[in-house]
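The residues of the chain are indexed from 1 along the displayed sequence. Computed over heavy atoms, backbone and side chain alike; hydrogens, waters and symmetry mates excluded.
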Amino acid sequence: MRGISINRMYRLFFVIYLFFMGGSCYAQPHEKQLPPDRPLIRYKAGEMPDRILMSITDSLAQSRTITWRTSKATPTGTLEWSDKVKQVDFYREANRMDALSEQFVTYAGDTVYYHTATLRALKSGQHYVYRVGEGDMWSEWIDFSMPTDEDAFQFIYMGDAQNDIRPLWSRVFRKAYAAAPAADFVIHVGDLINHSQNEYEWAEWFRAGDFMLAAKPQLAVRGNHEYVKDEKGVKQYSTPSWPHQFRYPPNGPSSLPNGAYFIDIKNCRFVFMDSNDALDLQGQWLEQVLKNNTKKWAIVVCHHPVVSATEGRINDGVMTHWKPLFDKYNVDLVLQGHDHVYARGRIPNSEGNRIGPTYVISVAGRKAYAVGNHPWMEVKMGNVQTYQLVEMSDEAIVFKTYALDGQVQDVFRIVKRDGKPVVEDN
Ligand SMILES: [Fe+2]
């Protein structure tokens with residue numbers, strides 16, 4: 001058909017549909033939530049599982065939760081798994097588990113199914129393999145390994161992906177995985193995509209992350225771009241597909257399921273927070289979580305920086321409701337995104353001494369803002385995509401930031417003295 005593509009016709013139909021429906025639940029500008037006219041990758045669900053992702057709903061030491069998506073042609077799901085990874089025919093006697101299958105209607109009106117299955121009582125240091133599917137539609141077999149009982153562990157920290165995810169964020173994620181194939185999990189600090197309900201952008205994120213998303217736990221928080229906004233850009237509610245894709249411990253405020261949670265990993269309590277909403281309520285929850293922390297270390301993950309690394313971007317709510325608790329309970333490290341620069345430092349007190357948690361802001365995607373100049377910033381960089389590898393042990397937190405040439409851009413070490421974090425620059 002000349003002059004107007006099928007996709008454009010579909011959009012026109014969709015606008016008319018929204019007009020008559022009142023558009024109340026789809027108030028965000030619809031064009032930005034739809035795939036491009038000429039999609040370069042498949043984004044619609046099919047009979048075959050896609051968007052396979054590993055989360056933690058119980059503990060890093062003993063369980064793994066797997067989620068995946070299919071079209072309505074495959075409304076049920078099964079997970080098969082085995083610990084006989086050395087046997088070539090392990091699959092003949094694989095264990096089977098029914099998934100919880102939930103229907104979901106996308107912004108564009110497609111009915112899909114998200115499936116969830118949790119493996120429990122997994123063994124320390126054991127290697128496992130699993131696949132997901134139904135009937136004759138199965139994923140490939142995916143290997144993963146459980147952590148050993150050693151004190152030390154390692155994780156990857158990724159800043160915002162957000163823009164040109166497939167062409168430009170994919171390389172950062174691959175580099176990080178290649179640099180730390182034995183890392184125990186990956187932390188994403190929000191703004192994984194640019195438009196919260198755009199299935200094409202989510203397709204890009206899952207395509208870029210590929211098997212790596214299925215083989216290691218992905219621990220994420222929501223950024224402002226994982227929120228639906230009204231016509232004036234005011235945040236309304238979080239991405240409806242989020243709780244189907246990311247499954248986390250139900251130990252946060254009940255109004256923020258899968259948005260605020262904590263996980264104890266060896267000698268560290270990781271607290272994941274949604275810096276978009278209910279900051280006061282989360283502050284009250286955070287106080288209990290930090291007060292009851294029996295682990296040596298405490299790391300907080302949130303999207304909006306407590307102190308900005310650019311000019312004119314202030315997040316008062318986080319500063320007011322959360323920062324005093326970070327100081328009071330000796331949080332060691334705060335991992336953040338949002339500002340599209342790299343910055344690291346501690347906030348000077350009234351005497352000019354740098355004390356308290358180390359704040360880090362990083363960006364993995366291609367969007368770059370101008371770097372600001374604030375007293376808290378000890379290291380700063382602009383126009384650079386980075387990934388971070390963090391090595392944890394009873395003795396220290398060793399933090400390294402890498403650019404895509406593989407060179408270390410920043411390195412520091414945190415030790416504990418009298419219960420308080422002390423930074424040693426390398
Ligand atoms: Fe953001």
Side-chain angles (χ1 to χ4, degrees), residues 5 7-8 10-19 21-45 50-51 53 67 69 104-112 114 158-170 172-173 188-209 213 218 220-246 258-259 274-277 303-304 313 337-340 363-369 385:
S5 70
N7 207 342
R8 283 186 190 282
Y10 168 76
R11 285 162 190 249
L12 187 60
F13 169 79
F14 197 73
V15 170
I16 295 167
Y17 168 79
L18 288 181
F19 180 80
M21 290 296 288
S24 58
C25 61
Y26 295 126
Q28 206 169 14
H30 78 284
E31 281 284 338
K32 293 178 178 175
Q33 304 295 349
L34 291 175
D37 259 357
R38 299 183 63 202
L40 301 180
I41 58 172
R42 188 173 67 83
Y43 65 93
K44 290 205 173 213
D50 67 4
R51 304 193 180 183
L53 185 126
T67 49
R69 184 188 75 154
F104 179 79
V105 179
T106 70
Y107 177 82
D110 293 324
T111 298
V112 304
Y114 281 103
M158 301 287 290
D160 307 25
Q162 194 173 337
N163 315 93
D164 293 317
I165 302 162
R166 186 186 64 85
L168 292 173
W169 176 74
S170 55
V172 191
F173 199 52
H188 302 269
V189 294
D191 286 2
L192 282 53
I193 42 70
N194 200 21
H195 301 101
S196 59
Q197 297 179 98
N198 190 318
E199 288 294 323
Y200 187 78
E201 292 179 16
W202 282 111
E204 282 198 284
W205 190 81
F206 278 93
R207 170 73 169 262
L213 299 175
Q218 308 294 315
V221 292
R222 290 191 284 253
N224 48 306
H225 287 270
E226 277 87 25
Y227 266 71
V228 177
K229 300 177 184 126
D230 67 12
E231 302 90 336
K232 294 173 184 159
V234 178
K235 280 175 282 202
Q236 300 295 305
Y237 49 87
S238 65
T239 307
S241 62
W242 180 274
H244 297 286
Q245 295 176 331
F246 302 96
N258 300 291
D274 184 337
S275 54
N276 295 281
D277 194 19
H303 181 68
H304 295 83
R313 286 162 68 88
H338 189 60
D339 275 354
H340 298 275
V363 57
R366 64 97 177 133
K367 189 198 273 187
Y369 289 166
Q385 292 174 269

| field | Qualifying residues under side-chain hydrogen bond (donor to acceptor under 3.5 Å, both in side chains), relative to R313, sequence neighbours excluded | value | H338, D339

[X]: ring pair (Phe, Tyr, Trp, His ring centres under 6.0 Å) partners, not counting sequence neighbours:
X: W242; value: F246
X: F206; value: none
X: F104; value: Y114, H244

| Is a side-chain N or O of D164 found less than 3.5 angstrom from the main chain of L168, in a donor-acceptor match? | no

| Partners passing side chain to side chain contact (heavy atoms under 4.5 Å, CB included) against L40 (at least two apart in sequence or in another chain) | R166, Y200

Heavy-atom pair with the smallest gap, counting every atom of [X] and [Y]:
X: R366; Y: Q385; value: N-NE2, 3.9 Å
X: E204; Y: P167; value: OE2-CD, 3.5 Å
X: H304; Y: S275; value: ND1-OG, 2.6 Å
X: P39; Y: P36; value: CD-O, 3.5 Å
X: A208; Y: W169; value: CB-CE3, 3.6 Å
X: P240; Y: P243; value: O-CD, 3.3 Å

4.5 Å side-chain heavy-atom contact, [X] and [Y]:
X: Q245; Y: L53; answer: no
X: K235; Y: D277; answer: no
X: V172; Y: M158; answer: yes
X: T106; Y: V112; answer: yes
X: Q162; Y: H340; answer: yes
X: W205; Y: L213; answer: yes
X: N198; Y: K32; answer: no
X: L34; Y: Y107; answer: yes

| task | Could you check whether the rings of H188 and F173 sit parallel, tilted or perpendicular, using 30° and 60° as the cut-offs? | result | tilted

| field | Rounded distance (nearest 0.5 Å) linking atom CZ of R222 with atom OG of S238 | value | 3.5 Å

| Interatomic distance, S196 atom OG to Q236 atom CD [nearest 0.5 angstrom] |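 One gets 10.5 Å once the value is rounded to the nearest 0.5 Å.
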
| task | Going by the side chain to side chain donor-acceptor pair (under 3.5 Å) test, name the single residue among D274, N276, T239 that passes it with Y227. | result | D274

| request: Please list, chain by chain and in numerical order, all residues satisfying salt bridge (Lys or Arg N to Asp or Glu O under 4.0 Å) with D191, sequence neighbours excluded. | output: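 If we apply the salt bridge (Lys or Arg N to Asp or Glu O under 4.0 Å) test to D191, skipping adjacent residues, there are no hits.
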
| request: Inspect the surroundings of NZ in K44 and state if more than 12 heavy atoms from other residues, nucleotides or ligands are less than 6.0 Å away. | output: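 Open: at most 12 neighbouring heavy atoms sit under 6.0 Å from NZ of K44.
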
| message | Working note: Q33 + H195, criterion side-chain hydrogen bond (donor to acceptor under 3.5 Å, both in side chains); need CA distance, chi angles, decisive distance, verdict. | response | CA-CA 6 Å; Q33 304 295 349; H195 301 101; 5.9 Å; no

| Among N163, N194, D160, side-chain contact (heavy atoms from CB on, under 4.5 Å) partner for H225 | N194

| said: If you apply the rule side chain to side chain contact (heavy atoms under 4.5 Å, CB included), what do you find for I165 with R207, and how did you get there? | reply: CA-CA 9 Å; I165 302 162; R207 170 73 169 262; over 6 Å; no

| said: Between R51 and E199, does any NZ, NE, NH1 or NH2 come within less than 4.0 Å of an OD or OE carboxylate oxygen? | reply: yes

